[in-house]
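So that the names make sense, note that chain A is the first sequence line, chain B the second, and so on, each numbered from 1. Since this is a predicted model, take the numbers as computed values, not measurements.
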Protein chains: 2
Amino acid sequence: MDTTSRYRDTARQRMRDAIVEAARDLTIARGWDAVRMADVATQVGVSRQTVYNEFGSKPALAEAIAQAETERFLAGVNDALYGHDDVREAAHAAIFQVLDEAAGNPLIKAILTSARGGSDPLLPFLTTRSELVLVAAAGVLRQWAADRLPALPDEAVAFAAETIIRLVVSHIVLPLAPVDRTAGALADLVVRLVTDPVTP
Amino acid sequence: MDTTSRYRDTARQRMRDAIVEAARDLTIARGWDAVRMADVATQVGVSRQTVYNEFGSKPALAEAIAQAETERFLAGVNDALYGHDDVREAAHAAIFQVLDEAAGNPLIKAILTSARGGSDPLLPFLTTRSELVLVAAAGVLRQWAADRLPALPDEAVAFAAETIIRLVVSHIVLPLAPVDRTAGALADLVVRLVTDPVTP
DNA sequence: ACTTTACTCAAATCGGGGTCTTGTCAACCG
DNA sequence: CGGTTGACAAGACCCCGATTTGAGTAAAGT
């Protein structure tokens with residue numbers, strides 16, 4: 001029974017993931033309001049009722065999409081940061097990755113930039129999520145700094161993290177230079193923020 | 001005739017200014033789409049036809065409003081910068097002034113933040129203007145830096161200016177701390193960007 | 001367990017009639 | 001002349017029923 005229930009759960013989980021993924025793809029393709037629960041079900045190959053059994057409502061499904069996308073995004077940032085020993089290289093990799101993903105993934109872009117007054121026709125409730133993601137991203141950066149730059153005072157880390165996040169979002173919203181150039185400039189700024197003597 | 005035409009021109013200019021000011025006030029009060037050309041005319045005390053004679057169309061009037069507001073804004077930044085000898089004080093004054101004005105003046109806020117996907121119901125064509133204003137603001141900062149910090153290389157000035165502008169806009173869009181605290185933190189950052197040794 | 005079918009109901013969509021605004025013109029005044 | 005007034009066509013906008021769509025629920029089938 002243990003194994004059975006475990007199997008059941010993983011199968012169920014697989015189905016949930018498939019539904020979320022299908023809904024995600026449809027959302028990217030046509031926008032959330034044009035996504036029909038029936039379409040999602042058909043695409044996955046289950047019945048509409050099953051989708052309702054799993055997620056309960058359309059907003060709940062949207063929430064699941066947002067959550068999954070957020071986790072993927074934060075994991076990506078985390079991996080980029082920890083994938084390099086040099087501070088500048090780590091910062092560059094993470095910033096580049098975010099800029100690149102935002103350029104190609106409308107969902108991520110919407111999540112990261114919907115905090116503003118912008119009324120994206122996509123997911124109206126991402127406005128709430130946006131702050132959560134930005135706060136979570138700041139947490140990732142702070143954790144990484146605590147691991148790799150333990151000498152840096154918390155205050156300096158917090159300011160650097162917030163500043164870099166704001167600048168990255170700003171460059172997503174209004175890109176002026178190519179992505180790698182921007183990533184390079186911001187990575188340099190990170191180094192300066194992090195190696196600078198504290199304010200006298 | 002010289003004096004006559006000059007007088008005519010200043011009278012005309014006064015009327016144009018009055019029309020723009022009235023239209024600006026109405027826009028702030030009710031939003032641009034709710035502004036009727038007839039209301040503007042009545043408020044100034046001229047006929048609707050006169051407004052059309054002066055500006056030609058409603059979009060053209062909007063353009064005039066945006067231009068006037070932009071000039072006032074940039075002049076304010078300029079004055080704040082040149083009103084202090086100390087770099088930190090000058091930066092603080094300018095940043096504070098912009099944050100404060102954006103908080104209280106919806107037009108300025110719209111102009112500064114409409115570049116993004118944000119579909120403000122106010123002036124849809126400010127999207128174009130936004131970039132112009134930000135570029136112009138960068139120009140003001142660069143000129144000031146050239147006057148007050150001639151030793152600083154152009155490249156460093158350009159990066160510092162763009163970075164500060166992006167951060168200020170970011171704090172307008174998503175304010176987290178009180179205005180004076182934000183202004184203080186950004187002013188400190190200006191000092192660091194400006195006094196830092198260049199990248200080795 | 002999942003599917004199928006059948007149903008309710010709220011909200012979005014559509015259409016059309018009327019109103020309001022813009023933009024233009026010409027006649028009129030000081 | 002510079003401004004006002006009144007009139008007017010064209011198009012945008014608004015209100016309001018009629019219709020359709022799609023979310024959500026229930027129950028029976030397999």
- Task: Using a heavy-atom cut-off of under 4.0 Å over every strand shown, decide if B:Val51 touches base, sugar-phosphate, or nothing.
- Result: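 No contact at all - B:Val51 keeps every heavy atom at 4.0 Å or more from the nucleic acid.
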Round to a whole Å and report the spacing from [atom1] of [X] to [atom2] of [N].
| X | N | atom1 | atom2 | answer |
| --- | --- | --- | --- | --- |
| A:Arg16 | C:dC2 | CZ | P | 12 Å |
| A:Tyr52 | D:dT25 | OH | P | 8 Å |
| A:Asp33 | C:dA12 | CG | P | 10 Å |
| A:Gln49 | D:dA27 | CD | P | 12 Å |
| A:Arg30 | D:dG22 | CZ | P | 10 Å |
| A:Trp32 | D:dA23 | CH2 | C1' | 12 Å |
| B:Arg12 | D:dC1 | CZ | C1' | 12 Å |
| A:Arg48 | C:dC7 | CZ | P | 14 Å |

Discussion item. Regarding A:Asn105 and A:Glu69, do their side chains bring together a donor and an acceptor under 3.5 Å, going by distance alone?
Written reply: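 Checked: A:Asn105/A:Glu69 side chains pair up, N/O donor to acceptor below 3.5 Å.
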field: A:Gln43 side chain to A:Asp39 side chain, donor-acceptor N/O pair below 3.5 angstrom
entry: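 No - no donor-acceptor pair under 3.5 Å links their side chains.
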_Heavy-atom check, side chain of B:His92 versus side chain of B:Asp86, under 4.5 Å_ =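 They are not in side-chain contact.
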Using a 4.5 Å cut-off on heavy atoms from C-beta on, say whether the side chain of B:Tyr82 contacts that of B:Asp147.
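Result yes, sub-4.5 Å side-chain heavy-atom pair found.
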Is the phosphate of D:dA23 approached by A:Arg36 (side-chain N or O, under 4.0 Å from OP1 or OP2)?
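Yes, A:Arg36 has a side-chain N/O under 4.0 Å of OP1/OP2 on D:dA23.
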| said: Quick check: on DNA chain D, is the nucleotide nearest A:Met37 upstream (toward 5') of the one nearest B:Met15, or the reverse? Name the residue that is more 5'. | reply: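 Whichever sits nearer the 5' end wins; that is B:Met15.
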